[in-house]
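Down below is the structure, laid out as structure tokens.
Keep in mind it's a predicted model, so treat the numbers as computed, not measured.
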Amino acid sequence: MEKKAHTLALTVSNKPDVLARVAGVLGGRGYNIETLCVDATIDPAYSKIILTTIQDKTTMTKIEKQLIKLIDVHKVTDLTKVESVSREMMLVRMKLTDKNKADIALIIDTFNGRVVTMNGDHCVLEITGEKEVIERALASLKPLGIDDMARTGIVALERQA
Amino acid sequence: MQRKGAEILIQVLKEEGVHTIFGYPGGVLLDIYDEIHKGHIRHILVRHEQGAVHAADGFARASGQVGVVLVTSGPGASNTVTGIANAYMDSIPIVVLTGQVPTHLIGTDAFQEVDIVGITRPCTKHNFLVKRVEELAKTLHEAFHIARSGRPGPVLVDLPKDVMAAQTEYTPRPPVREEETPPRPASKKAFYVMDLIAESSRPLILSGGGVILGRASEELRKLAWRTKIPVSSTLMGLGAFPGTDPLWLGMPGMHGTYYANMAISHCDLMIAIGMRFDDRVTGKIDHFAPHAKIVHVDVDPSSINKNVMVHVPIVSDCKSALQSFNALLEQQNFTVEDDQRKEWFDQIEAWKRENPLSYCPSDTEIKPQFVIETLYKLTKGKAIITTEVGQNQMWAAQFYKFEEPNTFLSSGGLGTMGYGFPAAIGAQIAFPDKLVVDIAGDGSIQMNIQEMATAVQYDIPVKIVLINNGYLGMVRQWQQLFYEKRYSQTDMTFQPDFLKLAEAYGWTGLRATRPDEVEEVLKRGLSAKGPVIMDFRVSREECVYPMVRPGGPISEMTLGREMAN
């Protein structure tokens, strides 16, 4: 069966060990978590975990059923199956040279990014967008010399309640 | 009123209806054991923590109540892991209380510290670390609730020493009452199941451990008898349906009966209730019940469509689902004409005649099956039987006919050698007046043999029927069948003299070496006061048949006759 990336949103108790339990359900069965994002919800008693994993449909259903069995997991939604929006943010540290400055400026402009900080000959860029946008921005920046980078992984939300 | 954590713990256990716990003391448990010393709760001092968990598990399986274990931190806790995993695989409600080093020492590699919450995370239904005494009572009540609700399972609560010594305000609450789920109105699916039953000409019920855990045996029997549908039960489900009933087909799967497997392979409707299509039951999955519409009732949604894709999934506890089926049958005034099932019954009878459960009797050697048959004959199927794991377990499942639920206690999912004996101790504590027999192998029994002392200390009169072939018999059987008799590391001829061992521990020990001694030894052993070990020196290379080749379809069985040694 065809495998594709699924984005799961889990509403969980905001407690120690919960993330380990969730990760264990996937890891214990040999499934990789591609991206992971966690923070408290409006109600600080709960957290929302957004994770992506690349699976076929049958496996995905099994994973969802195992996750909802966890006592501290209260809701599991496959955001890939509903209308949702998704974003990822990336921070990239670049070494500035006379040669690459103009190109970097153009890339920032193209991807609606911004410079978060500039320090001597280094700058840190911020780019937000869908995963594909981030991938394209990254591809454009790569030849210009990336010092280091960090990505948030995907966050996503249903369009409607 | 201000109370100490340890005092609250004992109080909550009493509120949860716990009278007996199985445990082993240690440094971080001293406050709790000081509380136990007051005598408000019965404590069974085991000789190894694994034995405590199996005993609590056996207690739970026999009684339907939650079994409780108390062990110390570090090795005490880690020794429980096999027992916990065993209970997890078979969905047995137990609460394991582990001591932990004081909260300020957690994470410092303190003496006897182990991250037991981390270790047992994948083999508990849930686990807790209690960090404040204020959370203690609530957490413990929740642990009991989780252990027995839905699909039951083991819950571990880790109790740091300082939390047990700390004080907090506590008001005792009345004992917890288990609430029965009220019957629900029949769903559309239940109506559909009625249609399927009416249309089917070759129906079959396949029941599992869920029927026993869900106390639904009576409803299962009602359904089968009213609809005249033959019943097969998985290892975990034995006892839910009487083993002497004409509709009974025996166990399916790898060492199931030929006719159960043939019925599965030819049925046009399978009503699977409280079972999870384990690989030992299904064999090669593509060939499993190829002609059947499958109805699957299970309380755990993750069990449905996990191994076998089913046509009618019903997420429900077994009792409610069966009650709604039976209510509909009543309402629709459902009857089956005798000739409606005739062809199917004739076919099943033919399979039964063709290949009944059998073995080659012998006048010179004790056949293990003969020991079980004689045990059945003498106890009339009324004993509580526990088993170890391996050949002894399969022969017990095949040749003992179980009449009632909660009377066959066996490690099904995990296949834990050393389970049966401590489980028998637990079952005997739940039912002091019943006959409790552990059908054991000489390999398995040595895995928790230390509990012989426990049995003597508390006057627990369990009987061990030792099927002694001097081999790790099931592994040897596979070596015989698939590895050209290269018996690598399975010969266990070097073993203690079990009669002397019995004497050393203050047990009664009996031995039979010839077939004509079997009945006499069993009669004497079963009627003796106190714990008894009966050492049956059986035919060494007897194999368990019939057998489905691992990974093969269940319709293709090796029957054994052609392979007689």
Side-chain angles (χ1 to χ4, degrees), chain A residues 1-4 6 8-33 36 38 40 43-47 49 51 53 55-82, chain B residues 85 88-89 91 93 95 100 103 106-107 115-132 135 138-158 160 276-277 285 296 298-310 313 315:
Chain A
M1 219 183 293
E2 193 202 349
K3 287 190 177 187
K4 62 171 205 164
H6 289 259
L8 288 186
L10 281 66
T11 307
V12 304
S13 302
N14 189 0
K15 290 202 298 206
D17 217 38
V18 177
L19 183 59
R21 291 176 202 275
V22 169
V25 164
L26 285 107
R29 294 170 172 78
Y31 304 137
N32 193 36
I33 296 173
L36 179 67
V38 195
D43 179 350
Y46 299 97
S47 286
I49 296 177
L51 63 85
T53 180
Q55 306 295 347
D56 62 46
K57 230 173 100 187
T58 320
T59 310
M60 212 50 223
T61 311
K62 289 180 188 179
I63 291 175
E64 283 175 52
K65 284 178 174 177
Q66 292 295 340
L67 285 172
I68 197 66
K69 265 169 84 169
L70 295 175
I71 304 293
D72 288 325
V73 174
H74 307 290
K75 193 179 169 201
V76 180
T77 314
D78 188 343
L79 294 175
T80 326
K81 288 185 193 157
V82 296
Chain B
Y88 184 65
M89 286 287 267
S91 311
V95 169
Q100 183 54 280
T103 45
I106 290 178
D115 171 16
I116 197 63
V117 168
I119 288 174
T120 59
R121 202 182 285 130
C123 64
T124 49
K125 189 172 170 191
H126 195 59
N127 58 20
F128 298 92
L129 167 64
V130 183
K131 293 187 89 170
R132 294 167 52 239
E135 297 163 3
K138 183 177 162 287
T139 306
L140 288 167
H141 282 301
E142 203 181 333
F144 275 87
H145 173 71
I146 292 170
R148 65 181 153 224
S149 60
R151 178 177 178 176
V155 179
L156 181 139
V157 187
D158 204 17
R276 59 186 176 86
F277 298 103
I285 221 113
H296 188 194
D298 203 287
V299 72
D300 177 4
S302 73
S303 284
I304 290 176
N305 288 337
K306 182 177 69 178
N307 299 333
V308 167
M309 300 306 277
V310 301
V315 177

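- Atom CG of D17(A) is separated from atom CG of D115(B) by 7.5 Å, given to the nearest 0.5 angstrom.
- Two residues are said to be in side-chain contact when any heavy atoms from C-beta on lie closer than 4.5 Å; H126(B) and D72(A) meet this criterion.
- Heavy atoms of other residues, nucleotides or ligands lying less than 6.0 angstrom from NE2 of H145(B) number 12 at most.
- Nearest heavy atoms, E142(B) versus I71(A): OE2-CG2, 4.5 Å.
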Pair R151(B), K69(A) - check side chain to side chain contact (heavy atoms under 4.5 Å, CB included), show working. CA-CA 10 Å; R151(B) 178 177 178 176; K69(A) 265 169 84 169; 3.8 Å; yes
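- Environment of NZ in K3(A): sparse, with no more than 12 heavy atoms of neighbouring residues, nucleotides or ligands closer than 6.0 Å.
- Contact check for L70(A) versus R121(B): no side-chain heavy atoms found under the 4.5 Å cut-off.
- N305(B) has its side chain out of reach of T61(A): every pair of non-hydrogen atoms, C-beta onward, lies at least 4.5 Å apart.
- Within a 6.0 Å sphere centred on OH of Y31(A), other residues, nucleotides and ligands contribute more than 12 heavy atoms.
- The line from CZ of R21(A) to CG of N127(B) is 4.5 Å long, rounded to the nearest 0.5 Å.
- Listed for the K65(A) side chain is no donor-acceptor partner under 3.5 Å among the backbone atoms of S303(B).
- For R132(B), the salt bridge (charged side-chain N to carboxylate O under 4.0 Å, His left out) partners are E134(B), E135(B), not counting sequence neighbours.
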